[in-house]
Amino acid sequence: MRNTFLMLTCCLLFTSSMLEAQTTDDEAATIVTTATGKVKGKLTDAVVAFKGIPYAAAPVGNLRFATPAPHPNWDGVRDYIETPPTAPFVMPKPGDINDEAVFGKGWVKGDDYLTVNIWKPVAIARALPVMVFIHGGAFAIGTSSVPIYDGTSFAKKGSILVTFNYRLGIEGFLKIKGVPTNIGIRDQLAALTWVRDNIAAFGGDPEQVTLFGESAGGMSVAVLTVCPAAKGLFKRAIMLSGSGQSVLSSKQAEKIAASYARELKIENNRKAWLGKSSQELLDVQPKINVKKLKLGSDEYPDPTGGVVAFFPVIDGDLVPDIPLRTMMKQPSSCDLLLGFNTDEANYFLVPTGLLKKIKLEIILKLAAKAVHPAPTTVIAVYRQKYPAKNRGELFSSIVTAYQFKVPTIRFADAHTASAGKTYMYEFGWQSAVAGGVYGAYHGLALPFVFNTLESVKGDRGMIGNAPVEPGFADKIQDAFINFAKNGNPGWEPYTRDKQQTMLINTKWELKENPYQTELPVWDGVR
């Protein structure tokens, strides 16, 4: 009996010492030394999360409207920040869908907002692939620190996830005399450079970086895949609901900047803009009607849709030309996975009530003429493709094709022709929110890619209250991780002659030439 007691005591002491050692090791894993100082993460369920790590100096004072500068070193340990500061932005008005899941609750004030967030496994045996995400938001709103972009699931599956903030709106993308062009893109390059120089300290492989982004983030990815300054900063790229055509010419950007300057009664130069606070700039941003500026031309189509004012600007430097054109001229240096959602335009059109008003054929033709010079022809094509849709739904399909589907296919064709390895998808899962009228709308793929469905359930949640098939989000996320790890998401690569596209829904199906009946109608339409 005594021997049994002694053995039990020894086992308990041994177990206790092992747990103490493990705890010590885990705590040590939460502190990482970067080039500018030590940072401390938060350990939860074998994943360490770091939030609010500066990759550049705070863009305040004379560093406003300037190229991102190195952040000063700090002493001690910089702690995890639950809700880091964001770039200045204004939340959109509430609608059927709770946008807080994607954009947060609004501007979180604080100077040090050019920061990265990182999720990594607590135990790392070898250097892991790194996935760096660029958030969307029309280049004017958004943040990288919201539950939908939580990287815990990525880390548990053996990759490191990085998200970051960049300057938005006027401070990030307005073309101002005496100010470097494309400040928001320069911030993105600074964040990627920081990742290259520091990610090894977190257990990541700087030679295995995959850049991905959605909406404006996807457009940013298109810009960076052909940006000379981005060469060598990432190996693979993923574009979700982006476009290789959404940039402004220098002349278009100057028109927009001049309009804002007139609205504020200032000269369009750096000194004048420095005299305006971030809040004053936010107040004026919605006051310009870009539709009245008539930005379109034969050489440079209008990317604004008559609504959005901020885009990267062709400057002959970071943005040599429209990314699609650049891709057509030069070989690709990265693998590419890209795609779109079946009902992208519903996100923008359903809240306006426009789709319900398109009851007559003449109204449909007038609406379609806004995006296609031959409305009767394009309507006939989509009526044949979607015979069950009403006129409003047909218009949404036409806008989706114009703004997302066709630009995505064109970019895939160009990338493939330039010897790049390409994969294509279409996300068609239908949301139940607002009675299901939004379908597979713009942004809906995000909680599946990040495997954060719990953050978007409910009456106004992105997916509504409909059940999701077990393992569905895992399968989507695994495809993205596999692409980041080995350059293959799990299906055949895209070729120009077959245009292989994985249709992702409750059933997955690889289709050949799924758009052959509709693509010819878009020839010559930009």
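Count residues from 1 along the sequence.
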TODO: Run the numbers on N198 and V116 for side chain to side chain contact (heavy atoms under 4.5 Å, CB included), then give the verdict.
DONE: CA-CA 11 Å; N198 291 275; V116 299; over 6 Å; no
Task: Centroid separation Y260 to F310 less than 6.0 Å - done: yes
TODO: Indicate yes or no for a side-chain donor-acceptor contact from T115 to the backbone of G52 under 3.5 Å, with no hydrogens or angles considered.
DONE: no
Open item on the list: In terms of relative ring orientation, are W522 and Y382 parallel, tilted or perpendicular, with 30° and 60° separating the classes?
Closed with: perpendicular
TODO: Would you sort out whether S144 and H135 count as a side chain to side chain donor-acceptor pair (under 3.5 Å), showing the intermediate values?
DONE: CA-CA 6 Å; S144 62; H135 73 78; over 6 Å; no
Open item on the list: For Q252, is there any backbone N or O sitting under 3.5 Å from a side-chain donor or acceptor partner on S249?
Closed with: yes
Task: Side-chain ion pair, K405 and E518, N-O less than 4.0 Å - done: yes
Open item on the list: For V521 versus V378, what's the shortest heavy-atom pair and its separation?
Closed with: CG2-CA, 4.0 Å
TODO: Mind telling me whether F173 and Y166 have parallel, tilted or perpendicular rings, with 30° and 60° as the class edges?
DONE: perpendicular
Open item on the list: Show the nearest heavy-atom pair for residues G178 and R270, with the distance to one decimal.
Closed with: O-CD, 3.8 Å
Task: Nearest atoms (heavy-atom pairs only) where P303 meets Q403 - done: O-NE2, 3.9 Å
Task: Row check, W273 ring normal vs K271 NZ/CZ: under 6.0 Å, within 45° - done: no
Open item on the list: When you compare the side chain of V406 with that of F340, does any pair of heavy atoms fall below 4.5 Å?
Closed with: no
Task: Sub-4.5 Å side-chain heavy-atom contact between K365 and I379 - done: yes
TODO: Return the orientation label for the F450 and Y149 ring planes: parallel under 30°, perpendicular over 60°, tilted otherwise.
DONE: tilted
Task: Heavy-atom check, side chain of F164 versus side chain of I134, under 4.5 Å - done: yes
Pairs under 3.5 angstrom only: tabulate donor-acceptor contacts from the side chains of residues 89-103 to other protein residues two or more places apart or in another chain.
unit_1, atom_1, unit_2, atom_2, d
D96, OD2, Y438, OH, 2.7
N98, OD1, E100, N, 3.0
D99, OD1, Y347, OH, 3.1

Task: Minimum heavy-atom distance between I148 and L446, given as atom pair plus value - done: CD1-CB, 4.0 Å
Task: Side chain N269, main chain K177, donor-acceptor under 3.5 Å - done: no
Open item on the list: Quick one: does any side-chain atom of Q285 pair with a main-chain N or O of I170 as donor and acceptor, under 3.5 Å?
Closed with: yes
Task: Flag side-chain contact, heavy atom, 4.5 Å: F139 against M219 - done: yes
- [ ] Indicate yes or no: does D335 engage R236 in a salt bridge with an N to O separation below 4.0 Å.
- [x] yes
Open item on the list: Can you tell whether the side chains of D321 and K329 come within less than 4.0 Å, N to carboxylate O?
Closed with: yes
Open item on the list: Between D343 (side chain only) and A440 (backbone N and O only), is there a donor and an acceptor less than 3.5 Å apart?
Closed with: yes
Open item on the list: Could you check whether atom CD of E263 has more than 12 heavy atoms from other residues, nucleotides or ligands sitting under 6.0 Å from it?
Closed with: yes
Open item on the list: Is it the case that over 12 heavy atoms from other parts of the model lie below 6.0 angstrom from the CD atom of Q330?
Closed with: yes
TODO: Just do the side chain to side chain contact (heavy atoms under 4.5 Å, CB included) check on M131 and F480 with the steps written out, would you?
DONE: CA-CA 9 Å; M131 301 185 71; F480 278 59; 4.3 Å; yes
Task: Residue from K421, M239, M424 passing side chain to side chain contact (heavy atoms under 4.5 Å, CB included) with L336 - done: M239
Open item on the list: How about CG on N62, more than 12 heavy atoms from neighbouring residues, nucleotides or ligands closer than 6.0 Å, or not?
Closed with: no
Open item on the list: Strictly distance-based, threshold 3.5 Å: is any side-chain N or O of D187 a donor or acceptor partner for the main-chain N or O of A190?
Closed with: no
Task: Ion pair check, R64 and E171, cut-off under 4.0 Å - done: yes
- [ ] Working to the nearest 0.5 Å, report the span between CD1 of I238 and SG of C334.
- [x] 10.5 Å
- [ ] Say whether, by atom type as modelled, one donor and one acceptor occur between the side chain of S397 and the main chain of E393 under 3.5 angstrom.
- [x] yes
Open item on the list: We want to know whether E426 and T501 form a side-chain donor-acceptor pair, criterion being a heavy-atom distance below 3.5 angstrom.
Closed with: no
Open item on the list: Are S250 and E254 packed together at the side-chain level, in the sense that at least one heavy-atom pair is separated by less than 4.5 angstrom?
Closed with: yes
Open item on the list: Looking only at the side chains, is there a donor atom on one of T36 and H71 sitting less than 3.5 Å from an acceptor on the other?
Closed with: no
Task: Closest contact, heavy atoms only, A257 versus N268 - done: CB-ND2, 3.7 Å
Open item on the list: Counting only heavy atoms from other residues, nucleotides and ligands, does the tally under 6.0 Å from NZ of K389 exceed 12?
Closed with: yes
- [ ] Take the angle between the ring planes of F448 and F427 and call it parallel below 30°, perpendicular above 60°, tilted in between.
- [x] tilted
Open item on the list: With a 6.0 Å cut-off on the ring centroids, do F133 and F212 count as close?
Closed with: yes
- [ ] Check whether any side-chain heavy atom of P180 lies under 4.5 Å from a side-chain heavy atom of F65, and answer yes or no.
- [x] no
Task: Closest contact, heavy atoms only, F404 versus S241 - done: CE2-O, 3.6 Å
TODO: Could you give me the CA-CA distance, side-chain angles and deciding distance for V223 and L318, then say whether side chain to side chain contact (heavy atoms under 4.5 Å, CB included) is met?
DONE: CA-CA 8 Å; V223 167; L318 299 186; 5.9 Å; no
Open item on the list: Any salt bridge linking D112 with R78? Criterion: basic side-chain nitrogen under 4.0 Å from a carboxylate oxygen.
Closed with: yes
Open item on the list: Does V247 form a side chain to side chain contact (heavy atoms under 4.5 Å, CB included) with V313? I'd like the steps, not just the answer.
Closed with: CA-CA 6 Å; V247 295; V313 180; over 6 Å; no
Task: Distance-only polar pair, side chains of T416 and T422, donor-acceptor under 3.5 Å - done: yes
Open item on the list: Main chain of G137, side chain of S215: is a donor-acceptor contact present, judged purely on distance under 3.5 Å?
Closed with: no
Open item on the list: I'd like to know if D317 and R186 make a salt bridge, using a cut-off of under 4.0 Å between side-chain N and carboxylate O.
Closed with: yes
Task: Whether T352 side chain and L349 backbone form a donor-acceptor pair below 3.5 Å - done: yes
Open item on the list: Which residues pass the side-chain hydrogen bond (donor to acceptor under 3.5 Å, both in side chains) test with T225, not counting sequence neighbours?
Closed with: none
Task: Between Y441 and E344: side-chain donor-acceptor atoms closer than 3.5 Å - done: no
TODO: Side-chain contact test, heavy atoms from C-beta onward, threshold under 4.5 Å: evaluate it for T193 versus L233 and give yes or no.
DONE: yes
Open item on the list: Quick check: do Y113 and T143 have side-chain heavy atoms less than 4.5 Å from each other?
Closed with: no
